[in-house]
Number of protein chains: 2
Amino acid sequence: MLSKKTKYAIKALVVLGKNMDQPPMQISKIAETERIPKKFLEQILLDLRNAGFLYSKKGAGGGYSLNRDPKEIFLVSIMRITDGPIAMVPCASLNFYHKCDECHQESTCGIRDVFVDVRDATLKILSETSIADIIKRETTLISV
Amino acid sequence: MLSKKTKYAIKALVVLGKNMDQPPMQISKIAETERIPKKFLEQILLDLRNAGFLYSKKGAGGGYSLNRDPKEIFLVSIMRITDGPIAMVPCASLNFYHKCDECHQESTCGIRDVFVDVRDATLKILSETSIADIIKRETTLISV
DNA sequence: TATTTTTTCGAGTAATATTATAGATTATAT
DNA sequence: ATATAATCTATAATATTACTCGAAAAAATA
């Protein structure tokens, strides 16, 4: 399951992606419009900022804005920051690999073998889909 | 992440798949060979039995055996029993659908739209892969 | 029929992860 | 100076996962 943390992160990035030419937006503003607990959002935005996706400014008139083109922010990167691995088993993870507790012989593990395929299929979609795509999909869905 | 419950379920089914022509195997035997906590495995096997995948027999000489051809037991069915939904968001689930807490307008949700695609890609693999396939993959991996 | 074996059942607990909150601190603008 | 708004550290609340306990029911066999 996708954590709320990740959903909130995506939603915040979408909001900021729609706010590109405007002055930075405050946490409290984002929290209100998307109905995200403010203090929780605070942590999430900080993570995204530390990962280089957001620009932040303190003090009056401060807030957050995207540090990159929304076309260049892909779901896979966000999810790795907020949820960690994409793979469903740690032994099939590219960026967060570690042995499964239960596993005796990884090299011949049929489960791992299948979930490497699942990971690749998931990864393909998530690394092709950007914040800009999400915004585009939403407007497309409205018009349908 | 795949729960241990699901991994244990798959492992148990694989063991039983290799035991097809033998008399039923006891919980304790499966638990030992696969190093699964016995009481936990007990619950898991019961779920699989109630879902019709296993045959069980009480008393001396009793135990568990597969109720179907290992070629006809697919990962997707096992996972739905042990972990529930395949989709990463409840609103994209076929068998366990429910609204996301956070969601205001499902019909135009770009997140949902992407994760329906992810679900489909995952589903394809999991509904094509059987216990027999896992066993086959393992022997193939050994010979490589 | 008594005993042993093994699954079944209902409940409970422990460990861990997720979600959320609190309060003080630091930076910036006016 | 003062107000604004992000940052930091810690902790509380809740949910989920992993696992345990003890007794009951069913079947075999001696």
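Please read these numbers as outputs of a predicted model, since none were measured by experiment. Side chains are part of it too, since the values below use all heavy atoms of this structure and drop only hydrogens, waters and symmetry mates. So you know, we letter chains A, B, ... as the sequences are listed, proteins then strands, and number each from 1.
Salt bridge absent: A:Lys29 and A:Glu32 never bring a charged side-chain N and a carboxylate O closer than 4.0 Å. Ionic pairing of B:Glu106 and B:Lys99 is not present here: no N-O contact between side-chain nitrogen and carboxylate oxygen is shorter than 4.0 angstrom.
The nearest pair of heavy atoms linking B:Lys7 to A:Cys100 is NZ-SG, 3.5 Å. The two atoms that bring A:Met1 and B:Pro90 nearest to each other are SD-CD, 3.8 Å, heavy atoms only.
A:Val15 is connected to A:Phe53 through a chain of hydrophobic side-chain contacts under 4.5 Å among Ile, Leu, Val, Met, Phe, Trp and Tyr, so both are in one cluster. Hydrophobic clustering (ILVMFWY, side-chain heavy atoms < 4.5 Å, transitive): B:Met88 and B:Leu2 are in distinct clusters.
Close to D:dC19, at under 4.0 Å from its OP1 or OP2, lies a side-chain N or O of B:Tyr8. Within the structure, every side-chain polar atom (N or O) of A:Ser56 is placed at least 4.0 Å from both OP1 and OP2 of D:dA5. The phosphate of C:dT8 has OP1 or OP2 within less than 4.0 Å of a side-chain N or O from B:Arg49.
Computed from coordinates, the B:Ile36 CD1 to D:dT20 C1' distance equals 16 Å when rounded to whole Å. Nucleotide C:dT4 holds its C1' atom 15 Å from the NZ atom of B:Lys58, rounded to whole Å. The distance between atom CD1 of A:Ile30 and atom C1' of D:dA6, rounded to the nearest whole Å, is 12 Å. B:Lys38 has its NZ atom 13 Å from the C1' atom of D:dG22, to the nearest Å. Rounded to whole Å, the distance from CG on A:Asp47 to P on D:dT7 is 11 Å. Taking atom OH of A:Tyr64 as the reference point, atom P of D:dT7 lies 3 Å away to the nearest angstrom. For the pair A:Lys57 NZ and D:dA6 P, the computed distance is 12 Å after rounding to whole Å. The distance between atom CG of A:Leu2 and atom C1' of C:dA17, rounded to the nearest whole Å, is 15 Å.
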Pairs: protein N or O with nucleotides 9-14 of chain D N or O, under 3.5 Å:
{"unit_1": "D:dA10", "atom_1": "N6", "unit_2": "A:Gln43", "atom_2": "NE2", "d": "3.4"}

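A distance-only check finds no donor-acceptor pair linking the side chain of A:Arg80 to the backbone of A:Asn95 [under 3.5 Å]. Without hydrogens or angle criteria, B:Asp83 side chain to B:Ser3 main chain gives a donor-acceptor distance under 3.5 Å. No side-chain donor-acceptor contact under 3.5 Å links A:Arg49 to the backbone of A:Ser56. Listed for the A:Asn19 side chain is a donor-acceptor partner under 3.5 Å among the backbone atoms of A:Pro23.
The residue among A:Leu45 and A:Ala60 whose nearest nucleotide of DNA chain D lies closer to the 5′ end is A:Ala60.
Looking at heavy-atom distances under 4.0 Å, A:Lys5 makes contact with sugar-phosphate atoms alone, never a base.
Taking every side-chain heavy atom of B:Phe40 into account, D:dA18 is the closest of D:dA18, C:dT8, D:dA5. When distances are taken from the side chain of A:Ser3 to each of C:dT19, C:dA29, D:dA27, the shortest belongs to C:dT19.
Applying a 4.0 Å cut-off to non-hydrogen atoms, none of the residues of residues 72-88 of chain B approaches DNA chain C.
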